[in-house]
Amino acid sequence: MDKFVIHGGKKLTGTVKISGAKNSVLALMPACLLNSGKNIIYNTPEVNDVYTMIKLLNFLGVESDFSNSKLLLDTSQIKSQIAPYEHVKKMRASIYVLGPLLSRFGYAKVSMPGGCAWGPRPVNLHLEAMKKLGADIKLEEGYIIAKSHKLTGNKIHFDISSVGATGNALMAAVLAKGTTVITNAAIEPEITLLAESLKKMGARISGIGSSILEIEGVEELRPAEFENISDRIEAGTMLVAGAITHSKIAIDYNFSHHIEIIIDKLKESGANLLINNGIIELDATNSMINSVDVTTAVYPGFPTDMQAQWIAYMSLSNGTATVVDNIYYDRFTHVPELIRLGADIEMHNNSAIVKGVKKLKGAKVMSTDLRASASLVLAGLAAEGETEILRVYHIDRGYQKIEEKLRALGADIIRVSTKEY
Ligand code: UD1
């Protein structure tokens, strides 16, 4: 078990490169199950969720090779259509194998993902979509068992916009017979990349980037090479790291159009930002932190995956900010930990009322989930004295060597192996 030890208050300086996006590659990797042969995904982040997905795909019979962010997946020898509990319990995104296995092999048995540290996370929309395409779905002994002789295109409407369910429906529909129309489809960049990647394999999809996707099923797909996008949440987290420490830093990130809302909110908070040729410069050296409200929403709204980091930032603002999470109502396990560092936060249902304090003070805190951990790191960078963050395995799920990147910017942060839990 590792922990981070941070001595806060250091100014950051320099440029940090943003790694490949975790959430897009977690959809793209299982999408390769739809074809037979060698696929290559460039710009794959070296994070634990990717290793978990590789293990699951290996279990299904996929051969893999992963080095220097180049991931090779050979899908020509698939021998199982079962995603066991051991793999799925570690990572909900394992549910992404359902659509591809079902549509290519007519059968998939996938362990039901459980809840999360921040509450229930249902998969009903994924299952409804499979049923619409003609699958017979049963739930037995904790497993989803999906069968179909041949999936058939249909109209699928999602009452709630869901990234995962849209991805799964898309992957199932590309090999279905006939035409599928998905309405209220998620328009997150990760879904756009998935749809474009499926097209590279030979899928027929129109409406990419909009909330209406039309898919004309094809007989088979071919392997291909893909370039992953870079991680918009890592980009946002690093920019907040610069802002919360009143620093001047830059991020090497080509996708500023994916984080417009974060850039706008940072500007509102008083930071100066300049975008130039794939580099975003942030200068927060002279600014006070203005309190800025945010409400999470589906893309292009403020991402729920940046909510925890924003609360950490607003803890040091000059007023009171209200941070509302409308995607995951219970996703606030970081709040009690931030309060341990001296933050003044009150919860009212899914709203955090964050009253800015003059300073945070280092303490021992506990990571509870991926983005909660990121918020504690940000708070620790700004806090006076020493902050210890336990259970950083959560942060390793989705950030590639965050402590090394921050140290390269001048932060005083080290990883220490510990028996503490
Ligand atoms: C993905 C991201 C996660 C991000 C989330 C919201 C991955 C691997 N994870 O998760 O980091 O926080 O999008 O942007 O890409 N819902 C249902 N029934 C379902 C599915 C979802 O009611 O079957 C609800 C959820 O409870 C939530 C909302 O829909 O309130 C959106 O969730 P969804 O977009 O599906 O999140 P994930 O794809 O699981």
Side-chain angles (χ1 to χ4, degrees), residues 20-31 44-45 47-50 52-53 56 88 90-99 110 112-132 137 139 144 146 156-172 182 184-194 211 228-229 231-234 236-237 258-259 261-262 295-310 324-334 350 369-375 394-395 397-399:
K22 167 185 85 83
N23 285 351
S24 50
V25 91
L26 288 179
L28 189 44
M29 292 166 69
T44 301
V47 297
N48 282 351
D49 275 6
V50 165
T52 301
M53 184 60 88
L56 171 58
V88 179
K90 279 199 182 154
M91 186 181 68
R92 283 181 49 86
S94 307
I95 188 81
Y96 270 137
V97 300
L98 178 67
V110 180
M112 281 281 282
C116 246
W118 72 78
R121 290 179 71 187
V123 290
N124 57 312
L125 299 175
H126 299 241
L127 303 188
E128 289 307 319
M130 300 304 128
K131 282 186 197 164
K132 281 271 170 151
I137 305 272
L139 300 180
I144 301 158
I156 299 173
H157 176 77
F158 290 120
D159 287 334
I160 302 172
S161 172
S162 160
V163 176
T166 302
N168 241 333
L170 195 53
M171 291 190 276
I182 306 176
N184 197 24
I187 58 165
E188 270 67 8
E190 295 75 24
I191 292 297
T192 299
L193 180 80
L194 174 66
S211 61
N228 188 20
I229 53 177
D231 201 297
R232 60 193 171 108
I233 305 303
E234 189 197 353
T237 304
H258 289 166
I259 58 165
I261 183 87
I262 300 171
T295 298
T296 67
V298 295
Y299 186 81
F302 194 89
T304 173
D305 286 351
M306 276 298 295
Q307 175 259 100
Q309 299 90 315
W310 198 259
V324 183
D325 200 323
N326 275 336
I327 307 290
Y328 291 115
Y329 299 122
D330 301 322
R331 190 180 200 177
F332 289 100
T333 53
H334 41 285
N350 60 330
D369 71 56
L370 171 57
R371 306 304 170 186
S373 324
S375 80
H394 287 291
I395 210 163
R397 289 186 55 181
Y399 288 88

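Remember, it's 1-based here, ligands and their atoms both numbered in the order they're listed. Computed over heavy atoms, backbone and side chain alike; hydrogens, waters and symmetry mates excluded.
Contact annotation: S161 has at least one heavy atom less than 4.0 Å from an atom of ligand 1. At least one heavy atom of P122 sits closer than 4.0 Å to an atom of ligand 1. Heavy-atom distances between M91 and ligand 1 stay at or above 4.0 Å for every pair. Heavy-atom distances between H126 and ligand 1 reach below 4.0 Å in at least one pair.
Side-chain atoms of T166 come within 3.5 Å of backbone N or O of A186 as a donor-acceptor pair.
Residue-to-ligand polar distances place Y328 within reach of ligand 1: an N/O pair is separated by less than 3.5 Å. Taking only nitrogen or oxygen atoms, main chain and side chain alike, V163 reaches within less than 3.5 Å of ligand 1. For ligand 1, one of its N or O atoms has an N or O atom of G164 under 3.5 Å away. The shortest N or O to N or O distance between D305 and ligand 1 is below 3.5 Å. Residue T304 has no nitrogen or oxygen atom sitting less than 3.5 Å from a nitrogen or oxygen atom of ligand 1, judged on distance alone. Residue-to-ligand polar distances keep K22 apart from ligand 1: every N/O pair is separated by 3.5 Å or more. Annotation: I160 places no N or O atom under 3.5 Å from an N or O atom of ligand 1; distance criterion only.
With salt bridges taken as basic N to acidic carboxylate O contacts below 4.0 Å, none links K22 and E234. A salt bridge links R331 to D305: at least one charged side-chain nitrogen sits closer than 4.0 Å to a carboxylate oxygen.
Of the inter-residue distances, the one linking R397 atom CZ with N48 atom CG reads 9.0 Å to the nearest 0.5 angstrom. A distance of 10.5 Å separates NZ of K90 from CG of D49, quoted to the nearest 0.5 Å.
Atom numbering of ligand 1 starts at 1 in the shown order; those under 4.0 Å from a heavy atom of I327 are 27 (C), 30 (O), 31 (C). With ligand atoms numbered from 1 in the order given, ligand 1 contributes 12 (O) to contacts under 4.0 Å with heavy atoms of R331.
With 3.5 Å as the limit, one finds a donor-acceptor pair spanning the side chains of D325 and Q307. With no hydrogens or angles considered, a side-chain donor-acceptor pair links N350 and N326 at under 3.5 Å.
Of the candidates V97, L56, V123, V97 is the only one forming a side-chain contact (heavy atoms from CB on, under 4.5 Å) with V110. When each of T44, D231, N228 is checked for a side-chain hydrogen bond (donor to acceptor under 3.5 Å, both in side chains) with S24, only N228 meets the rule.
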